[in-house]
Asks: 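This is the structure I want to talk about, given as structure tokens.
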Amino acid sequence: MMHQTRVFVPAEYIEQVMEVSKGVFNNEEEVGFLKSCLYYLKEGLNADQAIDMAMIDYLIDL
């Protein structure tokens, strides 16, 4: 079994990401956007960077 390193993501970052996605996407799109943001947050990006990267992912997938 592989050992995963735990990454601390500040609650403020998660709140910021959730606030940005509220009312912008339908439910399915919002879940995808939030998953993408969480991936980037776990990679060490801050909330603004994660939002930007997730938005790029979203636009590419359109």
Side-chain angles (χ1 to χ4, degrees):
M1 179 157 69
M2 292 185 65
H3 178 70
Q4 273 193 314
T5 305
R6 290 187 177 206
V7 177
F8 175 75
V9 176
E12 302 84 51
Y13 287 4
I14 296 170
E15 290 170 348
Q16 189 174 343
V17 163
M18 291 176 70
E19 190 63 37
V20 166
S21 69
K22 192 185 304 179
V24 176
F25 306 105
N26 67 35
N27 285 345
E28 186 179 325
E29 292 169 336
E30 185 172 16
V31 169
F33 180 78
L34 292 172
K35 281 184 179 179
S36 188
C37 282
L38 286 173
Y39 168 80
Y40 289 114
L41 291 172
K42 284 173 47 179
E43 291 295 306
L45 277 63
N46 68 33
D48 289 329
Q49 294 166 327
I51 290 164
D52 288 346
M53 293 303 292
M55 192 61 74
I56 290 168
D57 290 347
Y58 170 75
L59 293 173
I60 289 172
D61 289 341
L62 281 181

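Numbers here are sequence positions counted from 1. Worth saying up front: this structure is predicted, and the values here are computed from it rather than measured.
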Asks: With sequence neighbours excluded, tell me which residues meet side chain to side chain donor-acceptor pair (under 3.5 Å) with Glu43.
Replies: none

Asks: What residue pairs, at least two apart or across chains, pass salt bridge (charged side-chain N to carboxylate O under 4.0 Å, His left out) with a residue in residues 51-62?
Replies: none

Asks: So which residues get pulled into Tyr40's cluster when ILVMFWY side chains under 4.5 Å apart are joined, directly or through others?
Replies: Tyr39, Leu45, Met53, Ile56, Ile60

Asks: Who pairs with Gln49 by side chain to side chain donor-acceptor pair (under 3.5 Å), at least two apart in sequence or on another chain?
Replies: none

Asks: For Tyr13, enumerate each residue passing the side chain to side chain donor-acceptor pair (under 3.5 Å) test, keeping only those at least two apart in sequence or located in another chain.
Replies: none

Asks: Under the rule for side chain to side chain donor-acceptor pair (under 3.5 Å), what residues qualify as partners of Asn46, not counting sequence neighbours?
Replies: none

Asks: List in chain and number order the residues that pass ring-ring contact (aromatic ring centres under 6.0 Å, His included) with Tyr58, two or more places apart in sequence or in another chain; answer none if no residue qualifies.
Replies: Phe25

Asks: I need the Leu34 CG to Ile14 CD1 distance, nearest 0.5 Å.
Replies: 10.0 Å

Asks: I'd like to check the salt bridge (Lys or Arg N to Asp or Glu O under 4.0 Å) partners of Glu15; sequence neighbours left out, ordered by chain and number.
Replies: none

Asks: Should Val20 and Leu62 be regarded as members of a common hydrophobic cluster, given that ILVMFWY residues are connected when their side-chain heavy atoms come within less than 4.5 Å of each other, either directly or indirectly?
Replies: yes

Asks: Pairs in or reaching into residues 16-26: which pass side-chain hydrogen bond (donor to acceptor under 3.5 Å, both in side chains), with residues at least two apart or in two chains?
Replies: Gln16-Asp48, Glu19-Lys22, Ser21-Glu30

